[in-house]
Amino acid sequence: MTTRRSMLAGLGTAALLGGPARGAFAASTRLRMAWWGGRERADRTNRALEAFTRKHSDIAVAGESMGWSDYWPKLATQVVGRNAPDLIQMDYRYLFEYAVRDTLLPLDKYLSGPLKVGGWDPKFLDVGRTSDGKLYGVNFGANSPALVYSATALKELGLAPPTPDTTWGELAQLGEQVTRKANRTSYYGLCDSGMREPILEIFVRQKGKQLYTPEGKLGFGTDDIREWFALWDEMRKRGACVPADIQALYQNSIESSALSLGKAAMDCPHSNQLIGYQQLNQERLGLTMLPTIDAQAPPGQYLKPSQLLSVYARSRKPEAAVELLNFFVTDPEAGAILSIERGVPIDPAQRAVLKDGQDQKTKDLVEYIDLVAGRVGPLPPPPPKGAGEITLLLRRVNEQIGFGRMAVADGAKQFIAEAEDILSRG
Amino acid sequence: MLASLARPALAGARPRQPARRRWHGLAGYLFLLPWLIGFFGLTLGPAVASLILSFTHFDLITDPRWAGLANYRRIAFIDTKFWASLHVTFTYVLLSVPLKLAFALGVAMVLNKGMRGLTVYRAIFYLPSLLGGSVAIAVLWREIFSGSGLLNRLLALVGLHGPSWIADPDTAIYTLVVLGVWQFGSPMIIFLAGLRQIPQDLYEAASLDGASRRRQFFRITLPLLTPIIFFNAIVQVIDAFKAFTPAFIISDGGGGPINATLFYTLYLYQEAFGNFRMGYASALAWILVLIIGTFTAISFLSARYWVHYDE
């Protein structure tokens, strides 16, 4: 009973954050749009929706905003009930699952009409195509993990900030120096990113492996994951990163990161989160690429769509929905409102707006994505079913090692065994 | 009044109603209709559906595939997380229910002394029960029991250095037990009502005979309260098995650190809405039904040996 009540409370909050856009009752065409994300995203998206309805007085849009973990159950339920929103914010992870089940509208026929993304660099457009070549989702911003550091703290301690050429060993050393020189209780150089799947992926790609094969099997072995766990275990023991009982409080949110809580000087989130991190930090933040194994290593990072926008296959007003989609991904006004909160926009006109008028952090981020663009590897195949569960597994095993419940070698073996079991279940 | 709730209903033979009275019966059913629709449409229907789904693989988007007993076999023989979550849940039930009942009874006895402003105190003590299951309290709990939280700051005042209670896999579950015990309000109110029903002359007679307070408690209060204890225990055990929100909020749905707060319901939720294994989650749900049913049945069977009804 408590459960149901709290769930309803959660939905209520989501409805409040989403809120109907202006003119919801006067317009002849009504659309629904759903997205996941925090407060900042809800505000920006609602402002963009208002801008859209000012230009199209015949269309009204109701926004539905919720957290990541509520979003997917709700969307799946709505799809079963044939009642999904017209415009769906999609993740690269799920795009193909939804596309092959005919729940998303192929967008190719609109490319000559209202959807003006034909001029985009194909490498950014093709991430929304399935193997049969049809376009099911439009890239809603380029993104990549980043090493975010407190420039202020490093400067005060007289330490040089990390660069794209920094190695993992040097990063560990830097973390240790921060901890030593700062010499404050519960303050460390790094957050424990041993639990972060995107960073692990960079690490294995630098070793010439991949997280998952196109067939949906693990793309790396026990030795690789053992090295990974050992890397972070050593950092914990040297005091380069926070101990397990601080990292355990991290809740997959910017607010709960040890960097935001003033307990670490560096973290490894996604680059679009820089803005959110900066808002919670008095100190000036900088960002750079993740460390490398050595100078010859293949590039680990890649530019991923932070998310995509798709149209529901059963939408009653597909033209209007595509119109709105186009507004979000190409209109300069929308670009200025949304800024880089969803990653750096692909559309050249939107990018130009950001490079001109906006604050330093936005420019930093656009520059960062340009920097990464020159040093990236190919986009990996979409992760298989069960990949989400494996991110939880990674966190658990990293904790078991961090709390001293398990040796690194045993942790590596257990991780591989459980991950293979999860993938075999599908 | 409340004691009669816990007492088995007396099945008395009623005389046949005259035809005119049957219309009253119909009106009654009409008034019941909204509830009946809700019960059959929203409770019984889905329950039967979940029983059927528990024998399938079902990911919500594609149609269910028949799985036979595969889900149950995996739960029993392969699934280590199932056993881990059972362990966490049983720890929680076996610790929180007795502590909560003892605490509720203690407070009820203090309040029963007939002090001034009783209604105010009663309301204050009941408050946690209204708030306890909420998201806000779970968030507050994180702040109190984290490494630099309120509790450790208080401990620091007396020179103690506490661990990060919520983040430590050894102590995380106990913070949730404390949270559960803290919501002692509703059993307390029921105990209070029960205490009021015990005739005062029993105590007067006992003290005339020279029985100590302690002896009075064990020989008068406790035996006469057993129907209330029985009722409270059953309700609380069922509630404790179903606990979900605190663990969900405190561990961000992950059940961490290291599955230390992976309540059974949380694991069920993960499987259903995190991994979209509706069939598997349905099987887990039915096993929970069996577990709660078994506990309740044992309680009822044991009741005749320790519950006293003063008929």
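Lettering follows sequence order; numbering is per chain, from 1.
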The interface call for A/Arg405 against chain B, heavy-atom contacts under 4.5 Å, is side chain
Practice problem: Flag yes if more than 12 heavy atoms outside A/His270 fall under 6.0 Å of its NE2 atom; otherwise flag no. | Solution: yes
Bottom line for B/Phe276: the part with an atom under 4.5 Å from chain A's heavy atoms is side chain
Okay, A/Leu249 and chain B: the region with an atom under 4.5 Å from a heavy atom over there is both
Do A/Glu389 and B/Arg277 meet the salt-bridge criterion of a basic N to acidic O distance under 4.0 Å?
yes
Between A/Asp70 and B/Tyr269 the two heavy atoms that sit nearest each other are OD1-OH, 4.2 Å
In terms of heavy-atom contacts, A/Phe403 and B/Ile258 come closest through CD1-CD1, 3.8 Å
Item to check | Atom OH of B/Tyr72: over 12 foreign heavy atoms under 6.0 Å | outcome: yes
* Asked: Does a side-chain N-to-carboxylate-O contact under 4.0 Å join B/Arg142 and A/Glu255?
  -> no
- Would one find more than 12 heavy atoms of other residues, nucleotides or ligands at under 6.0 Å from atom OH of A/Tyr187? yes
Cut-off 4.5 Å, heavy atoms of chain B, and the answer for A/Tyr250 is neither
Nearest heavy-atom approach of B/Leu60 to A/Ala76 is CD1-CB, 3.5 Å
Requested in this report: Dump the intermediate steps for salt bridge (charged side-chain N to carboxylate O under 4.0 Å, His left out) on A/Asp421 and B/Arg74, then the final yes or no.
Outcome: CA-CA 12 Å; A/Asp421 177 51; B/Arg74 185 183 166 90; 2.7 Å; yes
Rounding to 0.5 Å, atoms CG (B/Asp170) and CG (A/Asp245) come to a distance of 11.5 Å
For A/Ala248 and B/Pro257, the nearest pair of non-hydrogen atoms, with its separation, is CB-CB, 4.2 Å
Taking the side chain as every heavy atom from C-beta outward, state whether B/Lys81 and A/Arg396 have any pair of such atoms under 4.5 Å apart. yes
Whatever's closer than 4.5 Å to a heavy atom in chain A on B/Asp59 counts as side chain
* Asked: Is the CH2 atom of B/Trp83 crowded by more than 12 outside heavy atoms at less than 6.0 Å?
  -> no
